Protein chains: 2
Amino acid sequence: MDDQPRWLTDEEMEAWLALISMLIKLPQALDGQLQRDAGISHFEYQVLAGLSMSPDRTIRMSELAQLADGSLSRLSHVVSRLEKRGWVRRCADPGDGRYTLAVLTDDGWEKVVATAPGHVATVRASVIDPLTKAQIRQLRDIGRRITEAVDPGGACPG
Amino acid sequence: MDDQPRWLTDEEMEAWLALISMLIKLPQALDGQLQRDAGISHFEYQVLAGLSMSPDRTIRMSELAQLADGSLSRLSHVVSRLEKRGWVRRCADPGDGRYTLAVLTDDGWEKVVATAPGHVATVRASVIDPLTKAQIRQLRDIGRRITEAVDPGGACPG
DNA sequence: CCCGATCACTTGAAGCGTCAAGTAAAGTAA
DNA sequence: TTACTTTACTTGACGCTTCAAGTGATCGGG
């Protein structure tokens with residue numbers, strides 16, 4: 001990369017360590033709550049939530065993958081599991097047979113409705129409530145900048 | 001949890017979505033760079049880096065697990081792999097045979113030295129450089145608050 | 001109309017993390 | 001000393017993600 005790399009200053013290192021810790025522990029906390037209370041992973045929740053917010057509770061696999069921040073392959077495996085549990089159905093897009101449409105079943109809808117409040121409460125307790133209103137705005141800006149730096153033009157930089 | 005959950009406001013939701021995206025994409029970017037350039041995962045790097053900063057390049061497994069933010073089981077598996085690659089050795093603590101000491105070999109030290117600059121450059125490019133000095137301080141505070149909320153009294157809240 | 005290219009997705013194998021069970025050393029109490 | 005508990009770690013099985021290869025459906029050029 002660089003023969004003489006610029007090491008991190010103390011302030012930068014503090015921020016970096018704080019970020020690393022958060023990066024590891026927050027997903028664990030979110031996955032843990034969902035696993036305990038609903039028996040699903042955070043990614044599965046994102047998939048179900050994405051479906052529940054789509055028109056007709058239906059969306060193409062590729063769009064859903066973007067929405068849930070995952071690869072198409074990962075989504076395909078997960079949707080297979082969700083199908084076995086009766087929460088999602090697959091069907092070919094009538095207009096273009098290459099697309100697969102994922103559809104949220106009634107049972108799937110119930111699952112989201114039953115799971116959402118507890119999850120939101122966890123998000124509040126872990127992220128929103130510990131921060132001031134100003135910090136919430138700062139977090140949004142920081143998150144966007146980092147996401148944009150890491151994956152320029154990915155999904156929805158808002 | 002709560003019969004009438006407080007949903008997220010628009011500002012809160014924006015921050016939350018930005019955080020989720022970062023939470024998913026930043027680890028991917030860090031792992032990706034290390035995997036490509038050095039053939040190791042970010043966790044493996046943290047283990048090697050933790051060892052390299054310990055006195056005599058030696059540290060107890062349980063302390064190393066805390067330092068690297070991972071479970072003892074995970075660390076044990078990873079150290080087994082690092083041992084096979086010749087970067088780490090294990091030996092029983094002479095004072096208390098229950099403890100296992102992990103020791104960084106000379107090859108392991110070389111690996112860290114060879115890997116660190118590229119990794120630091122990636123951290124800079126992904127996190128430090130896109131942010132202002134003020135944002136870096138904000139990130140540190142936000143990260144600490146969230147980490148503390150999620151895992152009260154964990155490792156080093158600094 | 002045909003054939004190759006492209007697109008959207010699926011599948012199977014390999015690797016890593018987690019959980020539960022197991023092992024060995026040290027402490028404790030009779 | 002012996003037996004029981006605790007501590008620190010290891011191990012194996014299972015589940016999930018990733019990667020590479022494969023399957024159809026559709027498009028575009030001749």
Side-chain angles (χ1 to χ4, degrees), chain A residues 23-36 38-48 51 58-85 88-103, chain B residues 23-25 27-36 38-48 51 58-85 88-103 151:
Chain A
L23 231 50
I24 290 168
K25 288 177 178 165
L26 186 52
Q28 279 178 351
L30 297 171
D31 267 324
Q33 179 267 326
L34 283 168
Q35 203 61 251
R36 277 191 308 277
I40 59 178
S41 69
H42 184 247
F43 184 68
E44 288 174 320
Y45 178 79
Q46 283 196 113
V47 169
L48 293 174
L51 272 163
T58 300
I59 190 174
R60 292 178 174 169
M61 292 290 283
S62 37
E63 291 176 36
L64 186 53
Q66 278 210 315
L67 233 124
D69 279 315
S71 69
L72 198 47
S73 169
R74 182 182 186 183
L75 179 66
S76 184
H77 284 293
V78 166
V79 167
S80 297
R81 280 174 245 145
L82 297 178
E83 244 181 328
K84 278 185 196 130
R85 302 230 236 166
V88 175
R89 277 185 303 108
R90 269 191 250 235
C91 61
D93 187 321
D96 186 334
R98 285 172 302 184
Y99 291 97
T100 302
L101 298 176
V103 186
Chain B
L23 230 52
I24 290 169
K25 289 176 177 165
Q28 278 178 351
L30 297 171
D31 267 323
Q33 179 266 325
L34 283 168
Q35 203 60 252
R36 277 192 308 278
I40 60 178
S41 68
H42 185 245
F43 184 69
E44 289 174 320
Y45 177 80
Q46 284 196 113
V47 168
L48 293 175
L51 272 162
T58 299
I59 189 175
R60 293 177 173 171
M61 291 290 282
S62 37
E63 290 176 38
L64 186 52
Q66 277 210 315
L67 234 127
D69 279 315
S71 69
L72 198 47
S73 169
R74 182 181 187 182
L75 180 66
S76 184
H77 284 295
V78 166
V79 167
S80 297
R81 279 174 245 146
L82 297 178
E83 244 181 329
K84 278 185 195 127
R85 302 229 236 167
V88 175
R89 276 186 304 106
R90 269 191 250 235
C91 61
D93 187 322
D96 184 336
R98 287 172 301 183
Y99 291 95
T100 302
L101 298 176
V103 186
D151 177 23

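Chain letters run A, B, ... following the sequence lines, proteins first and then strands; every chain starts at 1. Model, not experiment: these values are computed from the prediction.
Rounded to an integer number of Å, the gap from CE of B/Met61 to C1' of D/dT7 is 15 Å. Atom P of nucleotide D/dA8 and atom CZ of B/Arg60 are separated by 8 Å, given to the nearest angstrom. The nearest whole Å value for the distance from the CG atom in B/Asp69 to the C1' atom in C/dG17 is 15 Å. Separating the CD atom of B/Glu44 from the C1' atom of C/dC16 is a distance of 9 Å, rounded to the nearest angstrom. Summarising the geometry, the separation between CD on A/Gln28 and P on C/dT18 is reported as 6 Å, rounded to the nearest angstrom. Rounding to whole angstrom units, NZ of residue B/Lys84 and P of D/dT11 are separated by 9 Å. Regarding A/Tyr99, its OH atom lies at a distance of 16 Å from the P atom of C/dT6, rounded to whole Å. If you take CD1 of B/Ile59 and P of D/dC9, they are 10 Å apart, rounded to a whole angstrom.
Of the candidate nucleotides C/dT18, C/dA13, C/dT10, C/dA13 has the atom lying nearest to any side-chain atom of A/His77. Here C/dC9 is the nucleotide among C/dC9, D/dC9, D/dT17 with the atom lying nearest to any side-chain atom of A/Leu72. Which of D/dC9, C/dC9, D/dA13 sits closest to the side chain of A/Ser62 comes down to C/dC9. Considering only side-chain atoms of B/Phe43, the nucleotide from C/dT18, D/dC9, C/dG17 that sits closest is C/dG17.
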Atom pairs, N/O to N/O, protein against nucleotides 24-27 of chain D, distance under 3.5 Å?
| unit_1 | atom_1 | unit_2 | atom_2 | d |
| --- | --- | --- | --- | --- |
| D/dA25 | O3' | A/Gly97 | N | 3.4 |
| D/dT26 | OP1 | A/Gly97 | N | 2.8 |

For nucleotides 1-3 of chain D, list the nitrogen or oxygen atoms of the protein found under 3.5 Å from its nitrogen or oxygen atoms, one pair per line.
none

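Taking 4.5 Å as the limit, some side-chain heavy atom of B/Arg90 sits within range of a side-chain heavy atom of B/Ser76. Proximity of A/Arg85 to A/Ile40: side-chain heavy atoms (C-beta onward) are separated by under 4.5 Å at one or more points. When side chains are defined from C-beta on, B/His77 does not count as touching B/Ser80, because their heavy atoms never get closer than 4.5 Å.
Within the nucleic acid shown, A/Ser76 comes within 4.0 Å of at least one base atom, counting heavy atoms only. As judged by a 4.0 angstrom heavy-atom cut-off over every strand, A/Ser41 is placed among residues making no nucleic acid contact. Counting non-hydrogen atoms under 4.0 angstrom, B/Arg81 reaches the backbone sugars and phosphates but no base.
Look at A/Arg90 and you won't find any side-chain N or O under 4.0 angstrom from OP1 or OP2 of C/dC9. Put simply, B/Thr100 has no side-chain N or O that comes within less than 4.0 Å of OP1 or OP2 on D/dA8.
Shortest non-hydrogen contact noted between B/Val88 and B/Glu83 is O-CG, 3.1 Å. Taking each heavy atom of A/Val79 and A/Met61 in turn, the nearest pair found is CG2-CE, 3.9 Å. Taking each heavy atom of A/Asp31 and A/His42 in turn, the nearest pair found is OD1-N, 2.6 Å. When all heavy atoms are compared, the tightest approach of A/Pro27 to A/Ile24 is CD-O, 3.6 Å. Here the closest heavy-atom approach between residue A/Leu51 and residue A/Ala102 is recorded as CD2-O, 3.3 Å. Closest approach of A/Pro94 to A/Leu101, counting heavy atoms only: CD-CD1, 4.1 Å.
Take B/Tyr99 and apply the ring-ring contact (aromatic ring centres under 6.0 Å, His included) test, not counting sequence neighbours, and it matches no residue.
Under 3.5 Å, the side chain of A/Ser73 and the base of D/dC19 form at least one donor-acceptor pair of N or O atoms.
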